[in-house]
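Input: a single structure, listed below in structure tokens.
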Amino acid sequence: MRPQHIPDIPKETVQVARAAFPKGNIYMQIRDTLGSIYEDEAFVELFSQRGQSAESPWRLALICVMQFVENLSDRQAAEAVRARIDWKYALSLPLTDPGFDFSILSEFRTRLVEGGMEQHLLNILLSRLQEKGLLKTHRRQRTDSTHVLAAIRTLNRLETLGEGMRCALDSLTVAAPEWLASHIQADWFDRYGRRVENYRLPKLDKEREALGSTIGADGLALLQAIYAPTTPEWFRFIPAVETLRLLWVQQFYAPQPDGSIKWRTVKDLPPSTIAIHSPHDVQAHYSSKRSVDWVGYKVHLTEICDDDSPRFITNVHTTLSTVTDEQAVEPIHQTLSEKALLPTEHLMDCGYLAVEYLVNAKTDYGVEMIGPVREDHSWQARAGLGFDKAHFLLDWDNKIATCPQGNKSTKWLPGQDVTGRRVINVRFLGSTCRACPVRSLCTQSKTQPRELTFYPQAQQMALQSQRQVQQTPEWNAIYNQRAGIEATHSQGIRRSALRRSRYIGLDKTHLQHILIATALNLVRLNDWLSEVPFAKTRFSRFKQLQPEPA
């Protein structure tokens with residue numbers, strides 16, 4: 001590839017496009033406002049200086065974004081380049097341009113992923129918006145996550161085993177057909193010659209268990225042949241073979257002395273953080289949140305919510321489905337810091353507000369996280385009658401806690417909780433607690449003294465302060481703006497299929513989310529320039545009858 005100057009839009013293309021769209025449309029308005037957005041120089045690292053001439057990367061990047069504006073497939077996007085005047089206008093193409101083969105788009109996306117340049121597509125657009133004065137402020141932003149279904153079928157255990165074996169055999173057929181031919185068992189063609197589907201499998205439990213044991217023995221025989229000293233070592237590094245090995249470790253106990261193999265019980269299956277649910281996408285894990293169960297990934301979208309700015313999406317963070325929301329806080333702030341787009345106020349729900357991030361965001365990034373922290377769930381706090389942690393005075397310098405009756409603690413022990421967080425365990429003297437006249441309001445134990453667990457000083461004080469401030473109407477008025485992120489999820493789902501991955505693997509799924517966010521930013525910029533007002537929250541006709549609170 002040799003970078004070239006971005007050509008002007010051909011005069012004939014301009015004339016026909018203006019005649020066809022006298023009021024313009026999204027692509028024409030974006031081109032007139034932002035120009036080409038991308039330039040070839042931004043993608044030089046992805047291409048060789050020798051070989052066949054490459055399609056202009058700036059065009060391919062823009063086409064990849066435009067196809068998600070309308071949720072088009074690669075074939076449909078390539079056809080739009082050939083047939084649509086507005087696309088030719090945005091891409092500086094003459095009316096006679098024949099387009100290109102749709103497979104080039106897949107090749108370009110692969111280059112982006114392998115080169116680690118997915119974020120560039122969104123970052124370049126945000127920089128261009130700042131240059132044009134369209135992204136003026138990012139003081140207040142909001143973040144929320146939603147689930148993403150992987151591009152795989154939902155498989156039961158028996159289907160997963162059969163598909164794992166079939167994938168390994170298919171890969172070996174391509175990599176080493178002669179070797180595989182000498183190790184095939186005759187009945188493997190019947191079992192693994194076509195896709196393994198539940199409706200073809202036995203219905204009785206005994207028969208299904210027997211088939212699972214048979215598949216287990218087949219896989220064990222294949223793995224033993226692959227790991228034999230006489231077999232080339234590179235066989236073991238074929239991805240489908242490694243997936244087969246992991247599946248058999250997760251689903252079966254070690255072989256018995258007689259060579260038999262036994263299924264693992266449900267209690268002995270691996271946790272969802274490492275369990276393979278499909279050999280076609282080993283990074284897609286099972287997760288559950290509230291009433292939603294899925295196998296796939298999770299995406300966190302961050303957008304501006306200042307009143308005088310378009311709701312531009314500033315960051316996209318895609319994770320495995322088993323990664324909790326609070327684990328995404330640090331990467332999100334780090335990425336926003338690198339873009340110089342950190343907010344002053346960051347609206348998040350309680351899933352993000354782990355106490356350590358509440359403090360670290362302020363000290364490390366100057367970001368105030370606004371969201372509800374978890375309440376004290378002790379029985380004293382729930383009853384509203386006993387002495388919860390808020391009733392104890394903490395002397396951090398002398399490492400002493402004082403109870404409501406004036407008694408001082410005897411032990412102050414730093415430690416860790418079950419999640420590995422630093423905590424401080426405080427204990428009072430047993431004889432003092434047992435003689436206390438208000439013991440029933442403090443502890444339900446008949447013999448043990450009162451024990452308390454606190455976070456380190458900065459975290460505990462931030463937690464107590466947040467619990468107090470989130471009860472005020474002023475705080476609620478600000479936090480209510482966080483709900484607007486649901487509209488972004490809705491727009492991404494309806495316009496670009498945000499919750500369904502098109503591709504296999506975390507990296508490619510993340511690239512899809514980057515393209516969706518960039519496409520939504522173009523849609524929102526077009527609406528802002530066209531002075532389309534923000535949509536109001538919809539209420540049912542019955543709900544509209546409810547009178548305003550006094």
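Residue numbers run from 1 in the order of the sequence given.
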- Is the shortest side-chain N to carboxylate O distance from D144 to R482 below 4.0 Å? yes
- Task: State plainly whether the residues D306 and K136 are in salt-bridge range, i.e. N to O under 4.0 Å.
- Result: no
- Relative to F68, does R502 satisfy both conditions: NZ or CZ under 6.0 angstrom from the six-membered ring centre, and within 45 degrees of the ring's axis? yes
- Item | Inter-residue atom distance Y365.OH - N360.CG, 0.5 Å rounding | 8.5 Å
- Query: Should R157 and L269 count as side-chain neighbours, where that means a heavy-atom distance under 4.5 Å?
  - Reply: yes
- Message: Is the ring pair W294/H147 parallel, tilted or perpendicular, if the boundaries are 30 and 60 degrees?
- Response: tilted
- Query: If we only count heavy atoms from C-beta on, is the L60 to Y38 side-chain gap below 4.5 Å?
  - Reply: no
- Message: Nearest 0.5 angstrom please: Q119 CD to L126 CG, how far?
- Response: 9.5 Å
- Would a 4.5 Å heavy-atom cut-off, applied to side chains only, mark L301 and V316 as touching? yes
- Task: Look up atom OH in Y297 and atom NE2 in H285, then write down how far apart they are to the nearest 0.5 Å.
- Result: 8.0 Å
- Item | Basic-acidic side-chain contact under 4.0 Å: R236, E242 | no
- Message: Tell me if a side-chain donor or acceptor on S92 pairs with a main-chain N or O of P7 at a distance below 3.5 Å.
- Response: yes
- Is there a side-chain contact between S56 and I6 (heavy atoms, below 4.5 Å)? no
- Task: Side-chain contact test, heavy atoms from C-beta onward, threshold under 4.5 Å: evaluate it for H333 versus M369 and give yes or no.
- Result: yes
- Would you call E163 and R195 a salt bridge, using N to O less than 4.0 angstrom? no
- Task: Kindly say whether the aromatic ring centers of Y352 and H346 come within a distance under 6.0 Å.
- Result: no
- Task: Anything under 30° is parallel, anything over 60° is perpendicular, the rest tilted; go ahead and classify W248 against F252.
- Result: tilted
- Note on the structure: Rounding to 0.5 Å, atoms CG (D218) and CZ (R191) come to a distance of 4.0 Å
- Message: Does the plane of the ring in W528 sit parallel, tilted or perpendicular to the ring in F534? Use 30° and 60° as the thresholds.
- Response: tilted
- Query: Is the shortest distance from a Lys or Arg side-chain nitrogen in R59 or D97 to a carboxylate oxygen in the other one below 4.0 Å?
  - Reply: no
- Are the side chains of L125 and L34 in touch, meaning some heavy atoms are under 4.5 Å apart? yes
- Message: Please determine whether a side-chain nitrogen of the Lys or Arg among R421 and E326 lies less than 4.0 Å from a carboxylate oxygen of the Asp or Glu.
- Response: yes
- Is a side-chain donor or acceptor of D293 paired with a backbone partner of S288 at a separation under 3.5 angstrom? no
- Query: Roughly how far, to the nearest 0.5 Å, is the CD1 atom of I37 from the CD1 atom of I124?
  - Reply: 10.0 Å
- Test side chain to side chain donor-acceptor pair (under 3.5 Å) on H513 and T318 and set out the steps. CA-CA 8 Å; H513 294 153; T318 308; 2.9 Å; yes
- Message: Would you say that M348 contacts D325 through its side chain, given a criterion of any heavy-atom pair below 4.5 Å between the two side chains?
- Response: no
- Message: Quick check for you: to the nearest 0.5 Å, what is the distance between L91 atom CG and L62 atom CG?
- Response: 5.5 Å
- Working for ring-ring contact (aromatic ring centres under 6.0 Å, His included), residues Y89 and F21: CA-CA 11 Å; Y89 184 99; F21 300 96; 9.2 Å; no
- Within-4.5 Å side-chain heavy-atom neighbours: E70 and M66: no
- Message: Tell me if a side-chain donor or acceptor on S106 pairs with a main-chain N or O of S103 at a distance below 3.5 Å.
- Response: no
